[in-house]
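Here is the structure we will look at, set down as structure tokens.
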Amino acid sequence: MAQTTSMQHSEIAAIDAGAVLRWYDRHARYLPWRVSPADRAKGAKPNPYFVWLSEIMLQQTTIAAVRKYFAAFTSLWPTVEDLAAAPLDDVLVQWAGLGYYARARNLHACAVAVVAHHGGVFPKTASALRDLPGIGDYTSAAIAAICHDEQVAVIDGNVDRVVARYLALPSPVREEKPLVRATVQHSVPPRAGDFAQAMMDLGATICAPRRANCLLCPLEPDCLGTKTGNPLAFPVPPKKSEKPRRHGHAFIIRNPNGKVFLRQRGPKGMLAKMTETPGSEWTETRLAPAFPFINDWHQVGEVLHTFTHFHLTLTVWSVTADTPLDEGWWAEETRLDGEALPSLFRKVLKTAGIE
DNA sequence: AAGGCGGGGCA
DNA sequence: TGCCCAGCCTT
């Protein structure tokens, strides 16, 4: 077995890290949480709090979407101590619209843990970072490499794609994970942080999902994907599963004072602890609407609109209520900025002209 | 190992 | 419309 491991090791293809770094030194993207390669060469180090915050926000989220949120968070909470001291509800308000709200809950829990268990200083190794909430294989490696040049493999969707093309991998990335990891780990140079960011920039600007600008790519000379004549054939897409469509009802309840009724969702599941307009369960078959607070809802309500959000088809009702309601609060229609309203419920309110 | 999570942008 | 984006967590 040891011999087999040795043989496999000798067969692992390497990425030309020198070529990648030379390209990065000229073409690095400037981002607010980043230290440029030139400043890095002078000894400048990135702020681990900024790097961590940006990495969490960037999970399955584009840079364009993250910019404003990063600016707002660092303005409100300049340090991890500030973030840890903030109420979770305030963090959810600021996160509203960015999606994947478990990230916001884990973000806050992680800040609290860093302050409570690490003296307000982020751990320096990928292994220790990996134990914090919301930090997995990718994010732990990214922080350790970018902040401390730990020579770990940093593998995100960009790197998966670059390597899948570079090696012309015949199977979906999920099945090729060990080979991708071995290849990247085998290639990490001492400038591990710049290398990690370079590979991601390469995937974002040259070796992009639907466009490969091979003429400008530092890896082109050895790229097997290019040699096949169709690098865009990689990575091979996984089989996609059908998702059932779900149906639900949402109620826009307004009182005579022109306020709208909102409430907080439960602590588990979809959009946990976020603000919502009251509604029904979401089921696979279309349900007759039932609203717990108003027995004769159908006498005072009317359908405003029906729209689809992901796999959810939502029917929006307008309801007038003149009695106090429990389990929620009445909000000024013009002051929804202070609510932890996900995009879904902002869409609901927008159908009634409330924004 | 697979599925759920949420939203925006772009071809 | 479908796919992708600096993935993580749960079952």
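All of these numbers come straight from a predicted model, not from anything done at the bench. Each chain gets a letter, A, B and so on, in the order its sequence line appears, and its residues count up from 1.
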Looking at residues at least two apart in the chain, or sitting in another chain, which of them share a side chain to side chain contact (heavy atoms under 4.5 Å, CB included) with Arg26(A)?
none
Can you tell me whether the side chain of Arg174(A) and the base of dA1(B) have a donor-acceptor pair closer than 3.5 Å?
no
Decide salt bridge (Lys or Arg N to Asp or Glu O under 4.0 Å) for Arg191(A) and Asp25(A); before the verdict, give the C-alpha distance in whole Å, the side-chain angles of both, and the deciding distance to 0.1 Å.
CA-CA 12 Å; Arg191(A) 287 174 62 190; Asp25(A) 287 340; 2.8 Å; yes
Evaluate Trp52(A) against Phe122(A) for ring-ring contact (aromatic ring centres under 6.0 Å, His included), listing each step before the verdict.
CA-CA 9 Å; Trp52(A) 162 73; Phe122(A) 277 87; 4.9 Å; yes
Taking any atom under 4.0 angstrom from a heavy atom of chain A, which nucleotides of DNA chain C are the first and last to qualify, 5' to 3'?
dC3(C) to dC9(C)
For Arg29(A), does the CZ atom sit with more than 12 other heavy atoms under 6.0 Å from it, leaving out its own atoms?
yes
Which of residues 128-144 of chain A have a heavy atom under 4.0 Å from DNA chain C?
Pro133(A), Gly134(A), Ile135(A), Gly136(A), Asp137(A), Tyr138(A), Thr139(A)
Which residue pairs satisfy the salt bridge (Lys or Arg N to Asp or Glu O under 4.0 Å) criterion with at least one member in residues 101-130 of chain A, sequence neighbours excluded?
Arg130(A)-Asp137(A)
Pairs flagged by side-chain hydrogen bond (donor to acceptor under 3.5 Å, both in side chains) wherever residues 143-155 of chain A is involved - sequence neighbours left out
Arg40(A)-Asp149(A)
Using a 4.0 Å cut-off on heavy atoms, which residues in residues 21-40 of chain A reach DNA chain C? List them by number, or say none.
Arg29(A), Leu31(A), Trp33(A), Arg34(A)
State which residues pass side chain to side chain contact (heavy atoms under 4.5 Å, CB included) with Ala212(A); sequence neighbours excluded, sorted by chain then number.
Arg165(A), Cys214(A), Pro231(A), Leu232(A)
Assess whether a salt bridge exists between Lys42(A) and Asp39(A), defined as any Lys/Arg side-chain N lying under 4.0 Å from an Asp/Glu carboxylate O.
yes
Check each residue of residues 91-116 of chain A for a non-hydrogen atom within less than 4.0 Å of any atom in DNA chain C, then write out the ones that pass by number, or none.
Tyr100(A), Asn106(A)
Check for me whether the distance between the ring centres of Tyr24(A) and Phe195(A) falls short of 6.0 Å.
no
Along DNA chain B (nearest heavy atom to each residue), the more 5'-positioned of Ala64(A) and Gln59(A):
Gln59(A)
List for me each residue that meets side chain to side chain contact (heavy atoms under 4.5 Å, CB included) alongside Ala182(A), sequence neighbours excluded, and say none if there are none.
Ile12(A)
Checking all strands, does Arg246(A) fall into the base, sugar-phosphate, or nothing category for heavy-atom contacts under 4.0 angstrom?
sugar-phosphate
When we call it a touch if two heavy atoms are under 4.0 Å apart, what does Met270(A) touch: a base, just sugar-phosphate, or nothing?
sugar-phosphate
Could you check how far CG of Leu314(A) sits from C1' of dG6(B), rounded to whole Å?
14 Å
Answer with base, sugar-phosphate or nothing: what part of the nucleic acid does Leu271(A) contact at a heavy-atom distance below 4.0 Å?
sugar-phosphate
Do Tyr69(A) and Trp95(A) have ring centroids that are under 6.0 Å from one another?
no
Work out how far the P atom of dA6(C) is from that of dA1(B), and round it to whole angstrom.
26 Å
For Arg245(A), which residues count as a side chain to side chain contact (heavy atoms under 4.5 Å, CB included) partner, sequence neighbours excluded?
His247(A), Thr308(A), Thr313(A)
Selection: residues 337-355 of chain A, any non-hydrogen atom under 4.0 Å of DNA chain B
Pro342(A), Ser343(A), Leu344(A)
Can you measure Glu176(A) atom CD to dA1(B) atom P for me and round it to whole angstrom units?
14 Å
Return the value, rounded to whole Å, for the distance between atom CD of Gln60(A) and atom C1' of dG3(B).
13 Å
Test: Arg34(A) and Asp201(A) ion pair at under 4.0 Å
yes
Please enumerate all residues that pass salt bridge (Lys or Arg N to Asp or Glu O under 4.0 Å) together with Glu175(A), with sequence neighbours excluded.
none
When the distance from OH of Tyr69(A) to P of dG6(B) is rounded to whole Å, what number comes out?
14 Å
Looking at His309(A), I'd like to know whether one of its side-chain N or O atoms comes within less than 4.0 Å of OP1 or OP2 on dG7(B).
yes
Trp282(A) six-ring face occupied by Arg265(A) cation (under 6.0 Å, within 45°)
yes
Which whole number of Å gives the distance between the C1' atom of dC5(C) and that of dG6(B)?
12 Å
Residue pair Tyr138(A) / Gln59(A), side-chain donor-acceptor N/O under 3.5 Å
no
Once you round it to whole Å, what is the distance between C1' of dG8(B) and NZ of Lys68(A)?
12 Å
Taking only Lys NZ, Arg NE, NH1 and NH2, and the carboxylate oxygens of Asp or Glu, determine whether Glu284(A) and Arg246(A) approach each other closer than 4.0 Å.
no
